[in-house]
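Presented below is the structure to which this report refers.
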Amino acid sequence: MIIEPKIRGFICTTAHPVGCATNVQRQIDHVVVKGPIPTGPRRVLVLGCSTGYGLASRIVTTFGSNADTVGVSFEREPGEAKTASAGWYNNRAFEQRAKAAGRVAVTIEGDAFSDAVKAEAIEAIRANLGQVDLIVYSVASPVRTDPKDGVTYRSAIKPYGAAVTSKTLNTGTGEVSEISVEPATEEEAAATVKVMGGEDWELWIAALAEAGVLADGFQTLNYTYLGSKLTWPIYHKGTLGKAKADLDRAAAAIRAKHGEHAAHVVALKAVVTQASSAIPVVPLYGTLLIKVEDEMGLGEGPIQQIDRLFRDKLAGDLALDEESRIRVDDWELSDTMQAELAKRWAALTTESLADLADLPKYREEFLKLFGFGLGGVDYAADVDPREV
Ligand code: NAD
């Protein structure tokens, strides 16, 4: 079949296998060209390994520090006339390339929140890695079933306390308008913490510890977004921010059990991923950020951020903020970049968008997540969606 993008709201329901493989290869090339990361971990578990920051973490550790990896993700298989999800193609492309480089790469497709997948991952670690030195937690999901009582929780990405009115962008039409978002109820806020907070991270570390598969001196990282004052009302001070604050609590609890540097939250910059496109206001901020960082020569996507995390921030003495977090959002949150973003944000209208922001590049980045718009891929070719 000829595979084309089919966009529904903020997702694309098709993915291109050759395009996804090309996307994975580009990220590998980025790391290989920059050279080895000798201080990096050698045995790694990546939770949420198929797209965005998790995929970048698996690629940087495998191709930067020769790590063997077990990955967990929740992706859709292909059918005869139906493409797989992008993450499924990314996983296959990654495994082929990691194995060709002599590395172990085992992927488990299933619900990371469940006890069954935790047990499966422990078996895969025992069989393939023995133990793990690093666990990256990069799961982003709108829903979680608590394995203890079987209750399913749904996150609600909303302000907390009071309604918020903000500029927003329809990335389909390019229209800038105002939206008002009502505040979350206490129940919605608590459910968001259940889904995106630190509880499951702690359950993973407890299960791995009990199984004896954590190496001495292991480390675990979990990714957060603190972000700009421009997105605080909807993000940092909203329900998602509450969930992310719970990661700081969980990190401190893991450190109390396993040692001073056993767990750190890592604050990363805003990038275009499937998870971030679903958050109100964030795509508008993203179109501005892409333009401003490119003009300053500081543009970064997930692979550049995660490469900088392992190559610069985790090598040598750790620089931590007051919450013991590692900061790779330093360029985005610099006074210089934020002042320019705030100035442009105030002047943003549908008419000024093309001048102040870069919606075409945002759209390109979004389509690339699904394997579309990559140079060197023949999109007119007949492709079997099951063939990778
Ligand atoms: P993403 O949508 O690209 O990736 C999410 C991953 O989670 C995928 O691998 C998916 O398969 C996996 N997943 C979802 N539900 C699962 C389940 N039930 N079981 C197993 N795997 C599951 O998201 P992302 O943007 O890379 O986000 C990863 C982390 O990085 C999140 O904690 C996010 O808050 C954080 N972060 C993102 C940004 C950003 O701008 N995108 C910025 C800073 C921090």
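Atom set for the values below is all heavy atoms of this structure, side chains included, hydrogens, waters and symmetry mates excluded. Remember, it's a predicted structure, so these values are computed and weren't measured experimentally. As the structure lists them, so they are numbered: ligands from 1, and atoms in each ligand from 1.
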Which heavy atom of the protein is the closest neighbour of [atom], given with residue, atom name and distance?
atom: atom 14 (C) of ligand 1; value: Ala140 O, 3.2 Å
atom: atom 1 (P) of ligand 1; value: Thr51 OG1, 3.4 Å
atom: atom 30 (O) of ligand 1; value: Tyr223 CB, 3.5 Å
atom: atom 23 (O) of ligand 1; value: Ala275 CB, 3.4 Å
atom: atom 29 (C) of ligand 1; value: Ser138 OG, 3.6 Å
atom: atom 13 (N) of ligand 1; value: Val139 CG1, 3.9 Å
atom: atom 19 (N) of ligand 1; value: Ala112 N, 2.8 Å
atom: atom 11 (O) of ligand 1; value: Glu75 OE2, 2.8 Å

Regarding Asp68 and Arg42, does a basic nitrogen lie under 4.0 Å from an acidic carboxylate oxygen?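 Looking at Arg42 together with Asp68, the answer is no, because their closest N to O distance does not fall below 4.0 Å.
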Salt bridge Asp111-Arg144, side-chain N to carboxylate O under 4.0 Å: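 Between Arg144 and Asp111 there is no salt bridge, as every charged N stays at least 4.0 Å from the carboxylate O atoms.
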Please could you name the atoms of ligand 1 that [X] approaches to less than 4.0 Å, counting only its heavy atoms?
X: Phe113; answer: 18 (N)
X: Gly52; answer: 3 (O), 26 (O)
X: Ser50; answer: 8 (C), 9 (O), 10 (C), 11 (O)
X: Gly110; answer: 19 (N), 20 (C)
X: Lys244; answer: 31 (C), 32 (O), 33 (C), 34 (O)
X: Ala270; answer: 40 (O)
X: Thr224; answer: 43 (C), 44 (C)

Residue selection (non-hydrogen contact nearest atom 22 (C) of ligand 1) among Phe74, Tyr235, Tyr53: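 Checking each option, the heavy atom nearest atom 22 (C) of ligand 1 is found in Phe74.
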Within 45° of the axis and under 6.0 Å from the centre of the six-membered ring of Tyr225, does NZ or CZ of Lys244 qualify?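 Judged by the rule, Lys244 and Tyr225 form no cation-pi pair.
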Would you say ligand 1 has an N or O under 3.5 Å from any N or O of Val271?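 Val271 vs ligand 1: N/O contact under 3.5 Å present.
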Side chains of [X] and [Y] only: does a donor on one sit below 3.5 Å from an acceptor on the other?
X: Thr107; Y: Arg58; value: yes
X: Thr350; Y: Glu175; value: no
X: Tyr137; Y: Asp200; value: yes
X: Glu178; Y: Thr165; value: no
X: Thr192; Y: Tyr153; value: no
X: Ser50; Y: Trp88; value: no
X: Thr83; Y: Thr14; value: no

Part of Asp111 with heavy atoms under 4.0 Å of ligand 1, whether side chain, backbone, both or neither: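 It is both backbone and side chain that touch ligand 1.
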Location of contacts on Cys49 toward ligand 1, heavy atoms closer than 4.0 Å: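 Only the backbone of Cys49 comes within reach of ligand 1.
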Measuring from non-hydrogen atoms of Arg144 to any atom of ligand 1, is the shortest distance under 4.0 Å?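 Checking ligand 1 against Arg144, which is what was asked, there is no heavy-atom contact under 4.0 Å.
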Side chain Trp204, main chain Ala112, donor-acceptor under 3.5 Å: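 Side chain of Trp204 to backbone of Ala112, a donor-acceptor pair under 3.5 Å: yes, one is there.
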side-chain hydrogen bond (donor to acceptor under 3.5 Å, both in side chains) between Asn91 and Glu109: does it pass, once the steps are laid out? CA-CA 10 Å; Asn91 283 341; Glu109 303 286 3; 2.9 Å; yes
